[in-house]
Amino acid sequence: MSTGALSTIEVDIRTRVTDSSSKNFADIKIDGRSLFDLFKSRDFDVIACLGWGTAQYRTAEIYRLVLEEPSDMQGNRNSIYVCPDCGDLGCGAISVDMQVEDNKIVWKNFKWEGDYGGITEHSSRLADLGPIYFDFGQYCDVVKGTYFL
């Protein structure tokens, strides 16, 4: 997941099940590879910030990820996978730098941020990811399509 070539993005409805609850969400797949499964294999307990929550939450997440609203983390970073129970960024989130370049959106510098403050040592488990390039139009269509999942 770190070439200059365009990657494909899609989403699948997934369910995270625990002993006490379950939650459906829109898992992001890059070039057919599930980020939920990838992050889980690296000992992160997170779900995508898309495809769940109130109408207001869904709308806010979509506009933020298509860069129509400000980022939700320091340093102009955007969370993409969050706490599966509450979505609170203080519980921990996987974030990326997002930039638009020549009709492409680029995700780079994947980091784990949590505990109500900054990037943590767990980010080393994400160091090999990115940059990832998507066609901006296709990316926006996919992200916006998660509202009705």
According to salt bridge (charged side-chain N to carboxylate O under 4.0 Å, His left out), who are the partners of [X], at least two apart in sequence or on a separate chain?
| X | result |
| --- | --- |
| Arg58 | none |
| Arg42 | Asp128 |
| Asp12 | Lys29 |
| Asp135 | none |

Applying side-chain contact (heavy atoms from CB on, under 4.5 Å), name anything that partners [X], two or more places apart in sequence or on another chain.
| X | result |
| --- | --- |
| Ser71 | Asn76, Asn78 |
| Ser20 | Thr18 |
| Asp141 | none |
| Gln56 | Thr54 |

- Transitively linked via ILVMFWY side-chain contacts under 4.5 Å: Leu149 with Val17? no
- Message: Looking at every heavy atom in both Asn24 and Trp52, which two are closest together, and how far apart are they?
- Response: O-CB, 3.3 Å
- Message: Looking at every heavy atom in both Ala26 and Ala48, which two are closest together, and how far apart are they?
- Response: O-CB, 3.1 Å
- Task: Report the residues that fulfil ring-ring contact (aromatic ring centres under 6.0 Å, His included) with Phe110, sequence neighbours left out, ordered by chain and then residue number.
- Result: none
- ring-ring contact (aromatic ring centres under 6.0 Å, His included) with Phe134: which residues, sequence neighbours excluded? Trp107, Tyr139
Taking C-beta and beyond as the side chain, do [X] and [Y] meet within less than 4.5 Å on heavy atoms?
| X | Y | result |
| --- | --- | --- |
| Asp43 | His122 | no |
| Phe44 | Trp112 | yes |
| Phe36 | Ile47 | yes |

- Task: Please list all pairs passing the salt bridge (Lys or Arg N to Asp or Glu O under 4.0 Å) test where one or both residues lie in residues 95-108, with sequence neighbours left out.
- Result: Arg77-Asp97
- Message: Taking salt bridge (Lys or Arg N to Asp or Glu O under 4.0 Å) as the cut-off, I'd like each qualifying pair that reaches into residues 59-72, sequence neighbours left out, listed once.
- Response: Glu61-Arg64, Arg64-Asp72, Glu68-Lys144
- Side chains of Asp45 and Tyr81, donor plus acceptor under 3.5 Å: no
- Item | Partner of Ile94 by side-chain contact (heavy atoms from CB on, under 4.5 Å), out of Val82, Leu35, Val46 | Val46
- Flag if over 12 foreign heavy atoms under 6.0 Å of OH, Tyr57: yes
- Is it the case that more than 12 heavy atoms not belonging to Lys23 sit under 6.0 Å from its NZ atom? yes
- Item | N/O donor-acceptor pair under 3.5 Å between Asp27 side chain and Arg14 backbone | no
